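All values derive from a computational prediction rather than experimental measurement.
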Amino acid sequence: MLQPTLLDSVQEPTPGPLGQGSRRLSLGEGAWVDLRLGWLAGAESLFEALLTDVDWRAERRRMYDALVDVPRLTRYYAAEDELPHPALAVCRQALSAHYRRELGEDFVTVGLCLYRDGRDSVAWHGDRTGRSATEDTMVAILALGDPRPLLLRPHGGGPSRAVPAGHGDLLVMGGSCQRTWDHCIPKTRRPVGPRISVQFRPAGVR
């Protein structure tokens, strides 16, 4: 379970430098993942604020002949929407400034997912709605709360690999990753507390 330090619980959430301390993992076929451990200082205060202040929404989706509950809570903010915490705008600006030359544009939207416990999950998928179905792009994920492994495997199946994403860690999937690889957060029977995934995307990528 998450054990924040006293300093983390009172510190203003502040992103650290990008590039320094980042590790790029090449997946092949132009796909890659950047991992920056401990990117957000003061992550606990942002986690607590989002957990209590966001108007989380439960979704239902059709699966075969039935409507089923999506096993997580979500909230989506378009480019023009007011974000629920100023630190999200600061993180988005920092990501845009660092990756703008490689990406060719800015991150503009923010999506939130709340995994309440080990029963919540997201199935294998790629963010291939919109331009990312045919173009290289980036999706940056800031992890908050109890650690849960993000698994990656080639699109269409194959061996998976786990990418650790703990409290305050940043993971950026880039290049062809959304087209050529899938990712998921599986259910777990381990006793875990809530986790929030913050996703930063360019325009037209879902």
Side-chain angles (χ1 to χ4, degrees), residues 18-19 21-39 59 61-66 68-74 76 95 98-99 102-105 107 109 111-192 194-206:
L18 288 163
S22 293
R23 177 167 55 93
R24 177 161 294 191
L25 172 66
S26 176
L27 301 174
E29 298 186 34
W32 53 263
V33 172
D34 279 355
L35 183 62
R36 171 64 162 87
L37 301 179
W39 181 56
E59 298 179 359
R61 293 181 181 173
R62 181 164 295 279
M63 182 173 291
Y64 304 109
D65 295 327
V68 298
D69 293 330
V70 172
R72 60 193 174 279
L73 302 181
T74 64
Y76 176 76
L95 288 164
H98 180 76
Y99 285 103
E102 190 173 8
L103 178 60
E105 58 186 314
F107 294 91
T109 67
L112 303 176
C113 288
L114 171 58
Y115 302 87
R116 294 159 289 188
D117 53 34
R119 293 169 295 182
D120 279 353
S121 63
V122 62
W124 288 108
H125 71 288
D127 294 2
R128 288 187 280 270
T129 300
R131 296 186 296 119
S132 49
T134 57
E135 302 175 14
D136 285 1
T137 189
M138 293 186 195
V139 176
I141 297 176
L142 171 63
L144 302 169
D146 262 19
R148 297 277 295 273
L150 184 141
L151 303 185
L152 288 159
R153 74 178 183 189
H155 181 52
S160 65
R161 60 177 72 186
V163 179
H167 189 49
D169 294 346
L170 175 72
L171 182 149
V172 181
M173 295 178 282
S176 68
C177 192
Q178 299 305 324
R179 300 196 315 278
T180 59
W181 286 72
D182 293 331
H183 56 278
C184 79
I185 294 179
K187 298 180 187 298
T188 178
R189 293 183 179 179
R190 293 188 302 106
V192 293
R195 174 190 187 271
I196 295 175
S197 168
V198 185
Q199 308 110 39
F200 302 91
R201 298 182 178 91
V205 175
R206 286 294 295 271

Q.
Under a 3.5 Å distance rule, please check whether Asp69 uses its side chain to pair with a backbone N or O of Pro71 as donor and acceptor.
A. no

Q. Are any side-chain N or O atoms of His167 and backbone N or O atoms of Asp146, one a donor and one an acceptor, separated by less than 3.5 Å?
A. no

Q) Which value, rounded to the nearest 0.5 Å, describes the distance between Leu114 atom CG and Arg195 atom CZ? A) 10.5 Å

(Q) Counting C-beta onward and ignoring hydrogens, is there a side-chain heavy-atom pair between Met173 and Leu152 closer than 4.5 Å? (A) yes

Q. Within a strict 4.5 Å, meaning less than it, do heavy atoms of the Thr109 and Phe107 side chains meet?
A. no

Q.
Give me the atom names and distance for the closest heavy-atom approach of Val172 to Trp32.
A. O-CZ3, 3.7 Å

Q. If you take all heavy atoms of Pro149 and Ala162, which pair is closest and at what distance?
A. CB-CB, 4.5 Å

Q) Near Glu29 CD, under 6.0 Å, is it more than 12 heavy atoms from other residues, nucleotides or ligands? A) no

Q.
How about CZ on Arg189, more than 12 heavy atoms from neighbouring residues, nucleotides or ligands closer than 6.0 Å, or not?
A. no

**Q.** Minimum heavy-atom distance between Leu170 and Ala140, given as atom pair plus value
**A.** CD1-CB, 4.3 Å

Q. Given Tyr115 and Leu73, is the side chain to side chain contact (heavy atoms under 4.5 Å, CB included) satisfied, shown in steps?
A. CA-CA 7 Å; Tyr115 302 87; Leu73 302 181; over 6 Å; no

(Q) Between Ser197 and Gln199, is there a side-chain donor-acceptor contact under 3.5 Å, judged purely by atom types and distance? (A) yes

Q.
For a quick test of reading the model, state the closest non-hydrogen atom pair linking Ile185 to Arg148 and the distance between them.
A. CG2-NH2, 3.8 Å

Q: Look up atom CE in Met138 and atom OG in Ser132, then write down how far apart they are to the nearest 0.5 Å.
A: 13.5 Å

Q: Determine, step by step, whether Arg179 and His155 satisfy the side chain to side chain contact (heavy atoms under 4.5 Å, CB included) criterion, reporting the C-alpha distance in whole Å, the side-chain angles of both residues, the deciding distance to 0.1 Å, and the verdict.
A: CA-CA 7 Å; Arg179 300 196 315 278; His155 181 52; over 6 Å; no

Q: Taking Ser176 for its side chain and Asp136 for its backbone only, find out whether a donor-acceptor pair lies under 3.5 Å.
A: no

Q | Distance under 6.0 Å and angle within 45° of ring axis: Arg153 vs Trp181 | A | no

Q: Can you measure from CG (Leu151) to CG (Asp182) and round to the nearest 0.5 angstrom?
A: 11.5 Å

Q) Salt bridge between Glu105 and Arg201, side-chain N to carboxylate O under 4.0 Å? A) no

Q: For Pro202 and Thr137, work out which heavy atoms get closest and say how close.
A: CG-OG1, 3.5 Å

Q. Taking side chain as C-beta onward, heavy atoms only, is Val139 less than 4.5 Å from Gln178?
A. yes

Q) When rounded to the nearest 0.5 angstrom, what is the spacing between CG in Leu171 and CZ in Arg36? A) 13.5 Å

Q: Could you tell me whether the side chain of Leu35 reaches within less than 4.5 Å of the side chain of Leu25, counting heavy atoms only?
A: no

**Q.** Polar side chain donor-acceptor pair, Tyr99 to Asp34, under 3.5 angstrom
**A.** yes

Q: Could you walk me through whether Arg206 and Tyr76 pass the side chain to side chain contact (heavy atoms under 4.5 Å, CB included) test, one step at a time?
A: CA-CA 10 Å; Arg206 286 294 295 271; Tyr76 176 76; 3.5 Å; yes

Q | Steps toward side chain to side chain contact (heavy atoms under 4.5 Å, CB included) verdict (Ile141, Leu150) | A | CA-CA 10 Å; Ile141 297 176; Leu150 184 141; 4.1 Å; yes

Q) Rounded to the nearest 0.5 Å, how far does SG of Cys177 lie from NE2 of His183? A) 7.5 Å

Q | Inter-residue atom distance Asp117.CG - Arg72.CZ, 0.5 Å rounding | A | 13.5 Å

Q.
With a 3.5 Å distance limit and no angle check, can you tell me whether Lys187 reaches the backbone of Gly118 through a side-chain donor-acceptor pair?
A. no

